[in-house]
Amino acid sequence: MDIAALSMAMANQHVRSNAGIAVMDNSMKMMEQQGQDLMKMLEQDSPAAPHPSLGKQIDFKG
């Protein structure tokens, strides 16, 4: 393999490596944001649960 071809192969590998790192960095930032959003959601007060006996009986009068 000549020097020019080796140089091109190494440059292509470097570009691929940098692209992979950039994608991984974006994924990590997105996951961190989603984790923060999840923590905020879990910290919020949830609405009260409905009474357990409501809606279990139907009164038919006819």
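Below, all heavy atoms of this structure are taken into account, side chains as well, without hydrogens, waters or symmetry copies.
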Pairs under 3.5 angstrom only: tabulate donor-acceptor contacts from the side chains of residues 17-28 to other protein residues two or more places apart or in another chain.
unit_1, atom_1, unit_2, atom_2, d
Asn18, ND2, His14, NE2, 3.2
Asp25, OD2, Lys29, NZ, 3.4
Ser27, OG, Val23, O, 3.1

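- Gln34 pairs by the side-chain contact (heavy atoms from CB on, under 4.5 Å) definition with Met30, Met31, not counting sequence neighbours.
- With sequence neighbours left out, the side-chain contact (heavy atoms from CB on, under 4.5 Å) criterion links Gln33 to Gln36, Asp37.
- Think of Met41 as one node in a network of Ile, Leu, Val, Met, Phe, Trp and Tyr side chains linked at under 4.5 Å; its network also takes in Leu38, Leu42.
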